[in-house]
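Whatever order the structure lists them in is the order used to number ligands and atoms, beginning at 1. Position 1 is the first residue of the sequence; numbering continues from there. Values below: every heavy atom of this structure, side chains too, minus hydrogens, waters and symmetry copies.
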Amino acid sequence: MRPRILFPLFAPVTSLAGVGPRIGAAIERLAGPHVADLLWHLPGGLIDRRYAPKIAEAEPGRIATLTLEIDRHLPPPNRRLPYKVRCRDETGFLHLVFFHAKGDYLERTLPVGETRVISGTIEDFRGEIQITHPDHICKIEEIHKLQSVEPVYPLTAGITQKVLGRTIRKALANAPEPQEWIEPSVVSSRQWQGWRGALNTAHEPQAESDLDPGHLARQRLAYDELLASQLALLLLRARMRRQKGRTIVGDGVKRQQVIDGLPFSLTASQSTALEEITGDMATPTRMMRLLQGDVGSGKTVVALLAMLVAVEAGTQAVLMAPTEILARQHFKVLRQLAEPAGIRIAILTGRDRGKERAAILDDLASGAIAIAVGTHALFQDDVAFADLGLAVIDEQHRFGVHQRLTLSGKGRTPDVLVMTATPIPRTLLLAAYGDLDASQLTEKPAGRQPIDTRALPLVRIGEVVGAVQRAVENGARAYWVTPLVEESEDSDLAAATERQQALSTVFGDRVGLVHGRMKGPEKDTVMAAFADGSIAVLVATTVIEVGLDVPEATIMVIEHAERFGLAQLHQLRGRIGRGEGKSTCLLLYAQPLGETARARIEILRETDDGFRIAEEDLRLRGGGEVLGTRQSGLPDFRLADLATHHDLLAIARDDAKLVVERDPELTGNRGEALRTLLYLFERDAAVKYLRSG
Ligand code: ADP
Ligand code: MG
């Protein structure tokens with residue numbers, strides 16, 4: 001149950017006085033549905049109204065707050081001209097200018113002979129000083145309210161700065177004063193205010209520097225969010241550890257059989273990773289390990305050998321891939337490697353239905369199938385395993401799948417190995433997983449060919465077609481990637497189809513097309529034709545990015561390379577250079593090339609090291625954007641910015657760790673406060689682990 005003290009914050013924004021359904025809807029679009037969302041909606045700018053000159057010294061262009069006596073109303077002779085009000089002080093005159101004004105309203109607001117405080121932008125109109133449509137008019141008693149600094153909030157259609165500001169002030173006034181949840185020594189060494197004080201300060205910037213994410217108030221609020229996120233992650237891990245894990249140890253026989261059949265020997269980092277994995281599996285706590293390795297670094301074999309440990313121990317293993325294509329490819333590779341060792345592997349995806357599916361389900365339930373490869377269909381309700389020992393999840397570039405898995409674990413407690421092809425900078429790793437064990441494949445397997453990467457302007461596309469044609473005549477195969485046109489799949493598809501048609505005038509029926517809209521079997525047919533060589537040029541939207549393996553392909557053409565991210569270009573390029581032949585990657589770009597796009601292409605030409613490329617990507621794009629937070633499954637922070645607050649992330653991690661060690665059930669005094677924090681950031685799920693743990 002959410003703590004009572006937070007109730008007002010989780011009320012709908014329409015619970016605030018003056019917020020009806022229409023404004024409520026605008027606020028919901030802008031910030032979110034709850035009062036708390038308004039608190040997180042921090043100012044993006046400010047207006048300083050403290051400049052209070054006399055009329056004679058008022059500088060045009062500046063926002064000023066003046067104390068003026070109303071001298072005379074000058075209604076316009078016709079509606080096209082503005083209504084003016086002449087005001088004075090001891091240094092001179094100034095006009096207030098109103099278009100489409102209501103005279104009686106102005107007479108009430110600005111009575112002749114009285115003094116008013118007026119704030120707005122000073123203008124110079126033909127040598128005279130004026131203010132058009134002042135922002136504020138108030139009586140002299142209220143001068144302190146006006147001569148101040150106003151926050152300026154990001155807006156959306158349907159709500160004005162005034163209404164939003166007023167609503168946020170109301171939300172702040174209603175905010176509770178919860179007990180401090182941050183470790184006192186952190187609060188004092190950082191010179192932070194309490195939660196409520198920090199909120200108020202963040203909403204009352206006095207200078208531009210107060211808008212900086214490094215400002216103390218914003219730091220504190222960011223820290224709260226990071227602490228909530230780290231604590232939730234660590235509580236989840238602690239619960240997984242508490243669950244009765246199992247000791248999975250194999251005799252090594254099947255592994256040896258498979259290793260003996262490999263046409264290569266394992267690299268040093270493959271062997272190290274395997275030792276780390278088997279070490280985890282052998283302990284009675286549950287494994288949660290990340291296997292990081294660049295495209296082509298050989299993660300599949302490591303995954304297979306890990307799965308064989310589970311099989312040797314008499315349990316089952318699954319490998320879950322993010323897409324159907326990838327699942328089928330893994331299946332093909334794993335079957336070839338494992339079947340000679342007498343291991344039964346099956347595939348289960350959303351495409352399998354009816355009798356065949358029923359038969360597979362039976363064999364999974366009886367244990368007749370030792371290893372299953374598939375998509376998320378593997379974790380549907382009707383899929384039961386005799387005894388699942390290990391789940392390997394190939395996330396490629398999408399994070400977070402494993403979190404869903406562990407959350408919906410329903411009594412299954414297999415060891416978990418997550419594979420990712422994206423080298424993840426340490427900061428992002430921490431934010432996404434909290435404290436996670438990671439193994440890294442650092443070398444590329446022997447026999448990898450270096451790739452010749454070249455950049456050419458798009459206008460030379462004719463030459464490129466000619467070069468591909470010559471190569472194809474000599475037996476080469478080429479990928480031809482067409483770009484993201486807009487945010488729309490339709491236009492991507494149109495571009496790809498157009499390219500296929502253009503190329504077919506040169507290559508005839510040896511040009512194929514794959515795209516995201518194709519049905520699985522259709523895709524497989526085209527891919528198979530490319531793999532066996534009947535198709536020589538494969539036009540593709542970015543669907544080929546994920547893990548396809550056709551060693552005979554030695555050419556990669558990327559149209560509008562400037563529209564792709566660095567990591568994406570790197571992944572695409574990783575599709576070639578996999579076989580015997582010398583490989584070439586041609587980046588076609590539209591001129592003029594922007595600075596960032598130029599830098600990206602330069603880096604790609606310079607290096608093939610995925611970790612270096614990830615670092616450069618982080619540098620070029622900054623912070624949380626690197627993995628595209630939304631698709632990546634990284635937590636979507638509202639207050640924290642990983643580029644600025646990475647030091648806070650480390651502190652939050654250490655603090656959360658201590659908490660979980662000392663008060664794992666959050667029952668102590670601070671524990672209570674931390675529960676409130678978890679609810680505040682809607683990490684309620686973590687609180688559930690406490691009770692059921
Ligand atoms: P990824 O890490 O991208 O999943 P894969 O597992 O698909 O990489 O491996 C890419 C290719 O490298 C495969 O054809 C695989 O058989 C081969 N490979 C894996 N390990 C080695 C090795 N130690 N030496 C040589 N080739 C290897
Ligand atoms: Mg792979």
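- Atoms of ligand 1 found under 4.0 Å from any heavy atom of Thr267 (numbered from 1 in listed order, with element): 23 (N).
- A pairwise comparison of heavy atoms in Ser439 and Arg289 identifies OG-NH1, 2.9 Å as the closest pair.
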Validation: residues 248-257 side-chain donor-acceptor distances under 3.5 Å, sequence neighbours left out:
unit_1 : atom_1 : unit_2 : atom_2 : d
Asp251 : OD1    : Val253 : N      : 3.0
Arg255 : NE     : Glu312 : OE1    : 3.1
Arg255 : NE     : Glu312 : OE2    : 3.4
Arg255 : NH2    : Glu312 : OE1    : 2.7
Gln256 : NE2    : Asp260 : OD1    : 3.0

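- Of all the heavy atoms of Leu266, the ones lying under 4.0 Å from any atom of ligand 1 belong exclusively to the backbone.
- Residues satisfying the side chain to side chain donor-acceptor pair (under 3.5 Å) criterion with Arg573, sequence neighbours excluded, are Thr453.
- Residue-ligand proximity: Ser265 is placed with a non-hydrogen atom under 4.0 Å from ligand 1.
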Apply side chain to side chain donor-acceptor pair (under 3.5 Å) to the pair Glu562 and His560, showing each step before the final yes or no. CA-CA 5 Å; Glu562 77 282 355; His560 282 288; 2.7 Å; yes

Using side chain to side chain donor-acceptor pair (under 3.5 Å), reason through Ser269 and Glu443 one step at a time and then give a plain yes or no. CA-CA 7 Å; Ser269 58; Glu443 326 97 331; 2.4 Å; yes

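- Short contacts between ligand 1 and Thr300, defined as distances under 4.0 Å to a heavy atom of the residue, involve ligand atoms 4 (O), 5 (P), 6 (O), 7 (O).
- Numbered from 1 in the order shown, with element, the atoms of ligand 1 that lie under 4.0 Å from a heavy atom of Ser297 read 2 (O), 8 (O).
- Under 4.0 Å from ligand 1, not a single heavy atom of Met419 appears.
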